[in-house]
There are 2 protein chains.
Amino acid sequence: MTTDQRKESWSTAEEEIMQATYRALLEYGYAGLSISRIADELGKSKAAIYHHYDTKDDLMITFLKFTVDRFEETIDTETGDEPVEDLKHAIEELLPLQRDEEQRRLQMVLVSLRSQAVTNETFREQFTQIDKQLAATIRSIVDRGIDEGTFRDIDSSRVAEHILATVNGAMYGRTTTDRHNTAAAARVSLVSYIDTELKRHS
Amino acid sequence: MTTDQRKESWSTAEEEIMQATYRALLEYGYAGLSISRIADELGKSKAAIYHHYDTKDDLMITFLKFTVDRFEETIDTETGDEPVEDLKHAIEELLPLQRDEEQRRLQMVLVSLRSQAVTNETFREQFTQIDKQLAATIRSIVDRGIDEGTFRDIDSSRVAEHILATVNGAMYGRTTTDRHNTAAAARVSLVSYIDTELKRHS
DNA sequence: GTCTATAAAACGATAGAC
DNA sequence: GTCTATCGTTTTATAGAC
């Protein structure tokens, strides 16, 4: 998942501010996030933050991009020569059966940020881009399967949106409810769907 | 969707406060929501609000329940005698091809509130309950289809979680990105899945 | 780059009059 | 029930010293 240009080098100070923002967001939520609390997490004064960022909005936009980059780095969409396996691999990446603590926290942060997309244009653009990217990746795998003759001649766009909606919805449910094993159930059904509905009937 | 006990009667004043909170949330987002802004939307003073609610948290919890009730009222999960049609009807309710402005706003509010579930226990409980209810409704339709012999003998829990995750994910994407027609695409693929994978092969 | 100190505004919440 | 006025705190943001 190395596509568009991203900020390659964060200065040490900036990186530490991002990490502190990350921790503060997890502890207090987006609504409870303040420069004071970020500064406390950082172990420095508020002025130390304002030296690097003009306004709180400026900081949050930078943090949004920082988090989106982190997310994209964790998604490995390598492709092999078996479309079915590639699809399953993509789903495993986006919706792992077991999430470690770091994955869990990243998704909590992403859900918190994504909700801001409801009323904030800049945030909406970022998540539009992410979903566009993911849908295109899934679609290209399905298209390859159709070309190869492994898959039936289905509408790859529709199937890609279906898969994306399911993994996003399962992830969403996982981080906003206590129904923790339901994501795995949804995934099993989704993979079974790929096996029987997409594969050419033999 | 008339299940648990809900507050039947809001006083006129309380109803107006809920409506004002609704508008303020849409305008400023959850993070930008304040008693002052709600009071401005209401056209009354802050003290008028504090007469009805002890704290801001108290008001927000009440508003959460108010909104959840509104959502449940809009979902009509009547069941007929055709499981396939009942499933399609449930999906149409949860993920309409065309949303009017009121539906759009309600989902914006729901997504804003739901993101609070990441760090707030009370919010998480509410949305856990909603998803539980929806999954159970879907599951019971699938079970009926299996008993009747219309559906194959699939795992109804898994399929229900799959359907729920897909409609939730499509709604989520719809309200947090500019990819507006993708929800319809996901829905078409989901319905096609129900037609071919669930139905007993004839 | 980071500090302390501070300004100006907004915040949640209350008191007391009507 | 609703008002005005106000309290104490927290907020974003800046100034000036080091």
Side-chain angles (χ1 to χ4, degrees), chain A residues 7-67 112-113 115-116 119-123, chain B residues 7-67 112-113 115-116 119-123:
Chain A
K7 199 171 182 182
E8 279 101 15
S9 59
W10 303 81
S11 76
T12 310
E14 281 170 339
E15 171 81 27
E16 277 168 0
I17 292 173
M18 291 296 107
Q19 299 289 353
T21 306
Y22 197 86
R23 292 194 299 274
L25 180 52
L26 283 170
E27 187 161 3
Y28 304 105
Y30 194 94
L33 202 57
S34 73
I35 301 291
S36 298
R37 281 173 168 165
I38 295 171
D40 286 349
E41 285 290 336
L42 183 62
K44 292 181 180 171
S45 71
K46 289 181 285 176
I49 293 174
Y50 278 109
H51 177 76
H52 294 280
Y53 305 96
D54 288 344
T55 64
K56 187 191 176 186
D57 274 5
D58 183 19
L59 191 158
M60 292 318 298
I61 297 298
T62 309
F63 179 70
L64 169 65
K65 287 170 184 158
F66 168 83
T67 306
S112 297
L113 292 177
S115 76
Q116 303 308 307
T119 45
N120 183 313
E121 181 68 23
T122 310
F123 280 66
Chain B
K7 199 171 180 180
E8 280 103 12
S9 60
W10 303 81
S11 76
T12 311
E14 281 170 338
E15 172 80 29
E16 277 169 1
I17 292 173
M18 291 295 109
Q19 299 288 354
T21 306
Y22 197 85
R23 292 194 299 274
L25 180 54
L26 283 171
E27 187 161 3
Y28 304 105
Y30 194 94
L33 202 56
S34 72
I35 300 290
S36 299
R37 282 172 167 166
I38 295 171
D40 286 349
E41 285 290 338
L42 183 61
K44 292 181 180 170
S45 72
K46 287 184 288 177
I49 292 174
Y50 278 108
H51 176 76
H52 294 279
Y53 304 96
D54 287 344
T55 66
K56 188 192 178 187
D57 274 5
D58 182 19
L59 191 158
M60 293 316 299
I61 296 298
T62 308
F63 179 70
L64 169 65
K65 287 171 185 159
F66 169 82
T67 307
S112 297
L113 292 178
S115 76
Q116 304 307 308
T119 45
N120 182 313
E121 180 67 25
T122 310
F123 280 68

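Per chain, numbering begins at 1; letters A, B, ... match sequence-line order.
When the P atom of D:dT12 is taken as reference, atom CE of A:Met60 falls 11 Å away, rounded to whole Å. The distance from atom OH of A:Tyr50 to atom C1' of D:dT14 is 10 Å, rounded to the nearest whole Å.
Partners of B:Thr12 by side-chain contact (heavy atoms from CB on, under 4.5 Å), not counting sequence neighbours, listed by chain and number: B:Glu16. By the side-chain contact (heavy atoms from CB on, under 4.5 Å) test, A:Phe66 is found to be paired with A:Trp10, A:Glu15, A:Met18, A:Gln19, A:Phe63, A:Arg70, residues two or more places apart in sequence or in another chain being considered. In this structure, A:His51 has no side-chain contact (heavy atoms from CB on, under 4.5 Å) partners at least two apart in sequence or on a different chain. For B:Thr119, there are no side-chain contact (heavy atoms from CB on, under 4.5 Å) partners at least two apart in sequence or on another chain. With sequence neighbours excluded, no residue forms a side chain to side chain donor-acceptor pair (under 3.5 Å) with B:Glu27.
Counting only residues at least two apart or on different chains, the side-chain hydrogen bond (donor to acceptor under 3.5 Å, both in side chains) pairs with a member in residues 35-49 of chain A are A:Arg23-A:Glu41. The salt bridge (Lys or Arg N to Asp or Glu O under 4.0 Å) contacts involving residues 53-64 of chain A comprise nothing, where partners must be two or more places apart or lie in separate chains.
When the nearest nucleotides of DNA chain D are assigned to A:Asp57 and B:Gly43 by heavy-atom distance, the more 5′-ward of the two goes with B:Gly43. The 5' end of DNA chain C is approached more closely, in terms of each residue's nearest nucleotide, by A:His52 than by the other of A:His52 and A:Lys46.
Nucleic acid contact class of B:Ala48 (heavy atoms, under 4.0 Å, all strands): sugar-phosphate only.
Inter-residue side-chain proximity for A:Leu25 and A:Thr67 is flagged as unmet; no heavy-atom pair is nearer than 4.5 Å.
Think of the region where chain B sits on DNA chain C: with heavy atoms and a 4.0 Å cut, that region ends 5' and 3' at C:dC11 to C:dA15.
Of the residues in residues 23-40 of chain B, not one comes within less than 4.0 Å of DNA chain D through any heavy atom.
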